[in-house]
Amino acid sequence: MNRIKQICLSLLLAVFAAACSKPAPTPPDEVAVKFYNSLTSGDMTFAKKHLHFPNPVDYEVFCEYLDMAVRSDEYWDRTEGYKADYSVVSSKIYGEEAFVELLGNTPLNGEAKMTVRLLFIDGMWKVDGNHGVLHRR
């Protein structure tokens with residue numbers, strides 16, 4: 001009987017350990033780079049998944065704006081042959097908030113430095129839409 005209890009307990013612990021071990025979230029600096037590179041690639045899937053607005057209406061409006069932009073000829077004219085290649089200048093994490101400074105090329109202005117604020121929400125880092133998704137210096 002003790003052997004059966006030991007086996008059951010071992011199985012229970014194994015199931016519990018498997019349930020608790022989640023893959024590590026993508027680091028905020030990597031999310032920031034992929035986010036801005038996705039904005040210029042025409043595939044807004046990553047950007048939409050990693051974008052946060054506290055107000056769901058603001059999120060929906062911004063996503064509609066992204067979809068509209070990708071459908072425009074002007075978007076494709078501006079981004080033809082363009083590769084963002086953003087790189088991380090610095091990254092600081094403060095609990096569930098992170099600030100990532102990026103350096104990259106914009107289709108309109110050439111080289112630009114920008115600071116991206118990210119929030120850790122639902123187990124993943126998301127770009128804070130209220131901080132100014134396109135905040136550049």
Could you give the distance from [atom1] ([X]) to [atom2] ([Y]), rounded to the nearest 0.5 Å?
X      : Y      : atom1 : atom2 : result
His52  : Asp128 : NE2   : CG    : 6.5 Å
Asn130 : Asp58  : CG    : CG    : 6.5 Å
Arg71  : Leu66  : CZ    : CG    : 10.5 Å

Minimum heavy-atom separation for [X] and [Y], please, with both atom names.
X      : Y      : result
Ser91  : Val100 : OG-CG2, 3.7 Å
Lys126 : Ile121 : CE-O, 4.1 Å
Pro27  : Trp125 : C-CD1, 4.2 Å
Gly123 : Pro25  : O-CB, 3.5 Å
Gly104 : Tyr86  : CA-CD2, 3.4 Å

Answer yes or no: is there a side-chain heavy-atom contact under 4.5 Å between [X] and [Y]?
X      : Y     : result
Met44  : Leu51 : no
Met124 : Thr26 : no
Lys49  : Phe46 : no

Hydrophobic clustering (ILVMFWY, side-chain heavy atoms < 4.5 Å, transitive) - are [Y] and [X] grouped together?
X      : Y      : value
Leu119 : Val127 : no
Val57  : Phe53  : no
Tyr65  : Phe35  : yes
Phe120 : Tyr94  : no

Task: Any donor-acceptor pair under 3.5 Å from Tyr59 side chain to Lys48 backbone - done: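 Side chain of Tyr59 to backbone of Lys48: a pair is present.
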Task: From Asp29, Ile93, Val31, residue fulfilling side-chain contact (heavy atoms from CB on, under 4.5 Å) relative to Leu118 - done: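 Going through the options one by one, the only one that passes is Val31.
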Open item on the list: Can you tell me which residue among Leu102, Val33, Leu103 is in a side-chain contact (heavy atoms from CB on, under 4.5 Å) with Ser87?
Closed with: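 When Leu102, Val33, Leu103 are each tested with Ser87, the side-chain contact (heavy atoms from CB on, under 4.5 Å) holds only for Leu103.
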Task: CG (Asp73) with more than 12 external heavy atoms under 6.0 Å - done: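 Count not over threshold, so no.
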